[in-house]
Trainee: 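Before anything else, here's the structure in question.
In listed order, ligands and their atoms are each counted from 1. Quantities reported herein were computed from a predicted structural model and do not represent experimental measurements.
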Amino acid sequence: MAATGTKSVLFVCLGNICRSPIAEAVFRKMATDGGIVDQWRIDSAATSTYEIGNPPDHRGQACMKRHGVPMRHWIIDSGATSDWNLGSLPDARGLACLRKHGIDTDHRARQVTKEDFMSFEHILCMDESNLSDLKRKSKSVKDYTAKIELLGSYDPQKQLIIQDPYYGSDEDFEKVYEQCVRCCKAFLEKNS
Ligand SMILES: N#Cc1ccccc1-c1cc(NCCCN2CCCCC2)c2ccccc2n1
């Protein structure tokens with residue numbers, strides 16, 4: 001659980017390998033450049049199980065590299081002597097500590113959990129299918145507090161939907177990146 005006073009945002013798309021990792025990386029860089037990343041818990045997740053455990057799509061990684069947005073990814077692993085936390089994410093406090101020291105950690109696709117609806121203030125998704133999936137999933141979470149919105153609702157150019165680039169080209173990933181930059185900038189300005 002994030003420290004008190006910390007703001008929190010979870011970016012969500014279908015597979016958590018294309019759009020939401022780009023949005024997460026763009027937002028984290030903006031908050032870092034603005035000197036306020038310590039005030040935020042930032043993560044991304046999927047509505048589906050399609051890509052659980054997989055790294056971000058190589059086209060998205062290439063796009064981030066072209067724009068100088070850290071989305072570093074290593075093939076390094078670690079393990080436990082016990083089976084107490086199989087499948088769990090690293091502890092959020094540990095991740096925050098790593099990131100505070102500029103040690104970015106690679107992202108692995110994960111599916112949104114019931115706990116996410118209780119622990120994130122904002123859940124921002126990419127298209128109407130994500131929105132309906134999230135609203136359906138939220139119905140099974142009692143008294144959830146997250147505000148579920150389309151990330152595109154923050155776009156000053158009013159492009160509401162961030163289309164799935166999975167079957168697309170590098171240009172489609174560039175369009176996702178440009179939309180994420182506009183929307184994350186507006187969202188951060190509104191919530192700083
Ligand atoms: N579905 C759809 C779809 C429809 C229109 C445009 C894109 C996609 C699409 C397809 C994907 N994986 C291929 C199908 C996966 N299998 C579907 C049947 C169940 C077993 C898994 C994606 C994977 C990661 C991120 C985004 C993706 N987006």
Trainee: Would you kindly specify which portion of Ile17 sits under 4.0 Å from ligand 1, judged on non-hydrogen atoms: side chain, backbone, both or neither?
Mentor: side chain
Trainee: Which heavy atom of the protein is the closest neighbour of atom 4 (C) of ligand 1, given with residue, atom name and distance?
Mentor: Tyr167 CE1, 4.4 Å
Trainee: With heavy-atom distances below 4.0 Å as the criterion, list the atoms of ligand 1 near Glu51.
Mentor: 23 (C), 24 (C)
Trainee: What protein heavy atom sits nearest atom 19 (C) of ligand 1, and how far off is it?
Mentor: Tyr50 CE2, 3.7 Å
Trainee: Identify the protein heavy atom lying closest to atom 9 (C) of ligand 1, giving its residue, its atom name and the separation to 0.1 Å.
Mentor: Asp164 OD2, 3.6 Å
Trainee: What residue and heavy atom of the protein are closest to atom 2 (C) of ligand 1, and at what distance?
Mentor: Leu14 CD2, 4.0 Å
Trainee: Would you call the rings of Phe187 and Phe27 parallel, tilted or perpendicular if under 30° counts as parallel and over 60° as perpendicular?
Mentor: tilted
Trainee: If the test is side chain to side chain donor-acceptor pair (under 3.5 Å), which one of Glu24, Gln111, Glu51, His107 qualifies with Asn16?
Mentor: His107
Trainee: Check this for me: does any side-chain nitrogen of one of Asp172 and Arg59 sit under 4.0 Å from a carboxylate oxygen of the other?
Mentor: no
Trainee: Are Val12 and Met126 close enough that some pair of their side-chain heavy atoms sits under 4.5 Å apart?
Mentor: no
Trainee: Give the residue and atom name of whichever protein heavy atom lies nearest to atom 10 (C) of ligand 1, and the separation in Å to one decimal.
Mentor: Tyr166 CD2, 3.6 Å
Trainee: Is it the case that Ser169 and Glu171 place a side-chain donor and acceptor less than 3.5 Å from each other?
Mentor: yes
Trainee: Distance under 6.0 Å and angle within 45° of the ring axis: does Arg41 meet both against Phe120?
Mentor: yes
